[in-house]
Participant: 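Sharing a structure with you now.
The first residue of the sequence shown is numbered 1, and numbering continues consecutively from there.
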Amino acid sequence: MECKNSAGFWIRLGAGFVDGLIIAAVTAILSNLIYGEYITENFFNPLDLLGNLYMIILPVIWYGYTIGKWVAGIRIVRVDGQRTGIGTMLLRELIGPLIYALTFGIALIVSIFMVALREDSRSIHDFVAGTYVTHDPPEKK
């Protein structure tokens, strides 16, 4: 299936920025309520998982949208036309970043160029999960 009306680099960056602000604000507020400080000195804070859950679960239940993507008017869809599921989002949000970490960020830089230069604007984590980001709203059923 072809990727229709793909979202480019800047709109995706803006949506990611909004999502990052939301995740940081919620995590900071909860951290302050639970630990009495906004930033803990622990290497791992269980609240850090909230960002992962937000990025994995929200697109599954909200037709590919996160709040940042909804504000930007873009959403995640599968290239085969099916709705995104938990497996798809786990691949996209966990395996993709794992690839970026294992390549010491080189794959992330390649992904940025892919989104900016490819006609379908798909990045490495899009290829891993079989997704793309589009401006098209979900079809009414």
Participant: Among residues at least two apart in sequence or on other chains, which ones pass side chain to side chain contact (heavy atoms under 4.5 Å, CB included) with T27?
Facilitator: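 Side chain to side chain contact (heavy atoms under 4.5 Å, CB included) check on T27 returns I23, L47, D48.
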Participant: Nearest 0.5 Å, please: how far is CG in L21 from CD1 in I67?
Facilitator: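 If we round to the nearest 0.5 Å, I67:CD1 and L21:CG are 11.5 Å apart.
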Participant: Is the backbone N or O of C3 less than 3.5 Å from a side-chain atom of D120, with the two atoms forming a donor-acceptor pair by type?
Facilitator: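 No.
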Participant: Taking only residues two or more places apart in sequence or in another chain, which ones pass side chain to side chain contact (heavy atoms under 4.5 Å, CB included) with A72?
Facilitator: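 Only I11, A15, I74 meet the side chain to side chain contact (heavy atoms under 4.5 Å, CB included) criterion with A72.
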Participant: Answer with yes or no whether the hydrophobic clustering places V133 together with L108; edges join I, L, V, M, F, W, Y residues whose side-chain heavy atoms lie under 4.5 Å apart.
Facilitator: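 No, V133 and L108 fall in different hydrophobic clusters.
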Participant: Please tell me if the side chains of P59 and T66 come closer than 4.5 Å, counting only heavy atoms from C-beta onward.
Facilitator: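 Contact flag for P59/T66 side chains = yes.
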Participant: Look only at the side chain of R12 and the backbone of S121, and say whether a donor-acceptor pair between them is shorter than 3.5 Å.
Facilitator: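 Side chain of R12 to backbone of S121: a pair is present.
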Participant: Does any pair with a residue in residues 91-117 pass side-chain hydrogen bond (donor to acceptor under 3.5 Å, both in side chains), and if so which ones, sequence neighbours excluded?
Facilitator: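 Pairs touching residues 91-117 that pass the test: R92-D126, R92-T131, Y100-S111, Y100-H125.
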Participant: Would you say L91 ends up clustered with I76 if hydrophobic residues are merged whenever their side chains have heavy atoms under 4.5 Å apart, either directly or through other cluster members?
Facilitator: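 No, I76 does not connect to L91 through the hydrophobic network.
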Participant: Is there side-chain contact between V77 and T84, with heavy atoms separated by less than 4.5 Å?
Facilitator: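 Not in contact.
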Participant: Assigning hydrophobic clusters by single linkage (Ile, Leu, Val, Met, Phe, Trp, Tyr; side-chain heavy-atom cutoff under 4.5 Å), is L117 placed with Y132?
Facilitator: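 No.
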Participant: If I take atom OG1 from residue T134 and atom CZ from residue R75, how far apart are they, to the nearest 0.5 angstrom?
Facilitator: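 So the gap between those two atoms works out to 7.0 Å.
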Participant: Name all residues meeting the side chain to side chain contact (heavy atoms under 4.5 Å, CB included) criterion together with F9; count only those two or more places apart in sequence or in a different chain, and write none if there are none.
Facilitator: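 Per chain and number, F9 pairs via side chain to side chain contact (heavy atoms under 4.5 Å, CB included) with L13, I112, V115, A116.
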Participant: Kindly write out the residues that satisfy side-chain hydrogen bond (donor to acceptor under 3.5 Å, both in side chains) with R83, not counting sequence neighbours, or none if the list is empty.
Facilitator: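 R83 satisfies side-chain hydrogen bond (donor to acceptor under 3.5 Å, both in side chains) with no other residue.
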Participant: Taking side chain to side chain contact (heavy atoms under 4.5 Å, CB included) as the definition, give me every residue that meets it alongside L90, ordered by chain and number, with sequence neighbours left out.
Facilitator: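 Only I56, I86, L94 meet the side chain to side chain contact (heavy atoms under 4.5 Å, CB included) criterion with L90.
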Participant: Out of curiosity, I124 CD1 to I109 CD1, how far, rounded to the nearest 0.5 Å?
Facilitator: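 The CD1 atom of I124 sits 10.5 Å away from the CD1 atom of I109.
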Participant: Taking atom CH2 of W70 as the centre, report whether more than 12 heavy atoms of other residues, nucleotides or ligands fall under 6.0 Å from it.
Facilitator: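 For W70, atom CH2 is not crowded (no more than 12 foreign heavy atoms under 6.0 Å).
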Participant: Can you find a heavy atom in the side chain of K69 that is under 4.5 Å from one in the side chain of V18?
Facilitator: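 Counting from C-beta outward, K69 and V18 never come under 4.5 Å.
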Participant: So is R122 actually on top of F127's ring, under 6.0 Å and inside 45° of the axis?
Facilitator: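 Yes - R122 lies over the ring of F127, closer than 6.0 Å to its centre and within 45° of its axis.
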Participant: Are Y54 and F17 connected into the same hydrophobic cluster when the rule is that any two of I, L, V, M, F, W, Y join if their side-chain heavy atoms are below 4.5 Å apart?
Facilitator: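 In one cluster: no.
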Participant: Assigning hydrophobic clusters by single linkage (Ile, Leu, Val, Met, Phe, Trp, Tyr; side-chain heavy-atom cutoff under 4.5 Å), is Y65 placed with L58?
Facilitator: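 Y65 and L58: one cluster.
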